[in-house]
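Structure first, commentary second.
Quick note: numbers below take in every heavy atom, side chains included, and nothing from hydrogens, waters or symmetry partners. Worth saying up front: this structure is predicted, and the values here are computed from it rather than measured. One-based numbering along the sequence shown.
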Amino acid sequence: MAQLFPVWANNMPKRLLLAVILLLLSVIFGFWYYGSPKHTQVGYAPEQPINYSHRLHAGELGIDCQYCHSSVKQSPHASIPSTETCMTCHSQIGTELASLEVLRESWETGKPIEWVHIHKLAGFAYFNHSAHVNVGIGCATCHGRVDRMEVVMQAEPLSMGWCLDCHNNPEPYLRPVEEVTNMAWEPGENHAEFAQMIISKKNINPPIYCNACHR
C-alpha cells in the first residue's frame, strides 16, 4: 500500500507541540514584562481638577514639600493639601484666575477638591512615609524630580522588586534628614562613608521579610 503522507510528516506532532510551548512562553513573558508596573504605571499623569504646577510652586518658587504635604514626617501618609492650605496664598494671589475657579468654589462651599491619586500601592502593601523620610530617604528617590514637572507623573514603578532593591542596599539612597525635601541634592564624594555612619547611628536595617509590607 502506498504511503499517504511524506516522511517529514512524522515529525509534525513534535513540531506543533514545540510551537505551542514557545507561543505560551512568549505570552507569559509578554505579560510578565510588559504587564509590570515599569510599563503600566511609570509615566502615569492623570488630569487633575486644577492645573497645579509643581514646576512653578516647588521649583521656581521653592516651596518646601512639607508645606503642602505636612504630615509626611509624622504619619504613614503624606497628606494632600487642604483648600485652606492653598488659600493661604491664593486668597491674595491669583484671585481672579479662571484656572482657580475650582479652588474658590471649594473654599466657598466647604467641599474638598477631588484630587486624582497618582502614586498607588496595592491594597495589600503597607508603606510608611515617616519611617523613610526620618532616616534620610528623599522625596525625589521615589517621586522623581517633581520640581521639574508641570504635571506630576509617576516616575518609578513602586513594585516589590523595586522596593527590595533599596531594602537590600539602602546606602545609595540615604541623605541627611534635613535634605530629604531638597530635590536637587546630590551625594558627595564620601557618600559611602556617610551612609555607613547613618546606618550605624540610626540602626537602619530595612526588613525584607514578607510581613514587613504585607500585613
Side-chain angles (χ1 to χ4, degrees), residues 34-123 125-134 136-159 162-163 166 173 175-186:
Y34 292 104
S36 69
K38 181 179 180 180
H39 291 276
T40 61
Q41 295 182 28
V42 171
Y44 175 58
E47 183 178 348
Q48 299 289 354
I50 299 175
N51 294 324
Y52 180 88
S53 171
H54 276 76
R55 182 184 60 79
L56 170 63
H57 292 79
E60 295 178 19
L61 299 179
I63 298 176
D64 189 274
C65 304
Q66 295 176 88
Y67 182 77
C68 297
H69 306 289
S70 56
S71 67
V72 70
K73 284 190 174 181
Q74 296 82 34
S75 168
H77 307 287
S79 58
I80 295 175
S82 64
T83 299
E84 287 77 7
T85 299
C86 301
M87 288 299 289
T88 302
C89 295
H90 286 293
S91 60
Q92 303 177 60
I93 300 172
T95 56
E96 301 300 325
L97 287 176
S99 58
L100 296 180
E101 180 60 32
V102 173
L103 176 63
R104 291 191 292 270
E105 182 180 342
S106 173
W107 177 250
E108 293 170 0
T109 63
K111 183 180 179 181
I113 298 171
E114 296 183 4
W115 298 102
V116 180
H117 194 178
I118 299 174
H119 300 87
K120 300 177 182 179
L121 290 181
Y126 174 78
F127 179 84
N128 189 324
H129 275 86
S130 64
H132 290 76
V133 297
N134 285 316
I137 301 297
C139 302
T141 300
C142 299
H143 297 291
R145 290 299 302 269
V146 175
D147 60 322
R148 295 175 177 174
M149 298 181 188
E150 187 66 35
V151 177
V152 172
M153 70 170 188
Q154 184 167 326
E156 300 292 348
L158 308 182
S159 62
W162 182 83
C163 293
C166 181
Y173 309 102
R175 63 175 69 188
V177 172
E178 61 270 19
E179 299 287 352
V180 294
T181 62
N182 180 0
M183 294 285 171
W185 183 87
E186 294 288 344

Verdict with reasoning, Ser75 to His129, per side chain to side chain contact (heavy atoms under 4.5 Å, CB included): CA-CA 7 Å; Ser75 168; His129 275 86; over 6 Å; no
Over 12 foreign heavy atoms within 6.0 Å of CD, Glu47: no
CZ on Arg55 to CD on Glu150, rounded to 0.5 Å: 4.5 Å
Verdict with supporting geometry, Ser130 and Gln74, side-chain hydrogen bond (donor to acceptor under 3.5 Å, both in side chains): CA-CA 5 Å; Ser130 64; Gln74 296 82 34; over 6 Å; no
Distance in Å, Cys68 SG paired with His57 NE2, rounded so as to fall on 0.5 Å steps: 7.5 Å
side-chain hydrogen bond (donor to acceptor under 3.5 Å, both in side chains) evaluation trace for Thr85 with Ser82: CA-CA 5 Å; Thr85 299; Ser82 64; 3.2 Å; yes
Nearest atoms (heavy-atom pairs only) where Ala78 meets Val72: CB-CG2, 4.1 Å
Flag for Asp64-Thr181: side-chain donor and acceptor within less than 3.5 Å: yes
Greater than 12 external heavy atoms within 6.0 Å of Glu178's CD: yes
Nearest-0.5 Å distance that lies between atom CD1 in Ile80 and atom OG in Ser70: 11.5 Å
Donor-acceptor contact below 3.5 Å, side chain Ser71 vs main chain Ser79: yes
Test side chain to side chain contact (heavy atoms under 4.5 Å, CB included) applied to Leu56 and Leu61, step by step: CA-CA 6 Å; Leu56 170 63; Leu61 299 179; 4.2 Å; yes
Residue list, salt bridge (charged side-chain N to carboxylate O under 4.0 Å, His left out) with Glu105, at least two apart or on another chain: none
Closest non-hydrogen atom pair, Leu103 against Cys86: CD1-CB, 3.7 Å
Stepwise side chain to side chain contact (heavy atoms under 4.5 Å, CB included) test for His77 and Phe127: CA-CA 8 Å; His77 307 287; Phe127 179 84; over 6 Å; no
Donor-acceptor under 3.5 Å (Arg148 side chain, Gly59 main chain): no
Heavy-atom neighbours of Glu114 CD exceed 12 at 6.0 Å: no
Spacing of SG belonging to Cys166 relative to CD1 belonging to Ile137, to within rounding of 0.5 Å: 4.5 Å
Partner set under side chain to side chain contact (heavy atoms under 4.5 Å, CB included) for Ser91, not counting sequence neighbours: Met87
Distance, nearest 0.5 Å, that separates OG of Ser99 from CD1 of Ile50: 8.0 Å
Closest non-hydrogen atom pair between Leu100 and His90, with its separation: CD1-ND1, 3.4 Å
Point-to-point distance, once rounded to the nearest 0.5 Å, from NE2 of His143 to NE2 of His54: 9.5 Å
Ser159 and Gln41, any side-chain heavy atoms less than 4.5 Å apart: no
Heavy-atom pair of closest approach, residues Met153 and His119: O-NE2, 3.8 Å
Full working for side chain to side chain contact (heavy atoms under 4.5 Å, CB included) between His132 and Val180: CA-CA 10 Å; His132 290 76; Val180 294; over 6 Å; no
Test side chain to side chain contact (heavy atoms under 4.5 Å, CB included) applied to Gln48 - qualifying residues, sequence neighbours left out: Pro46, Trp115, Val116, Ile118
Nearest atoms (heavy-atom pairs only) where Cys142 meets Glu156: O-CG, 3.6 Å
Nearest atoms (heavy-atom pairs only) where Pro49 meets Val102: O-CG2, 3.8 Å
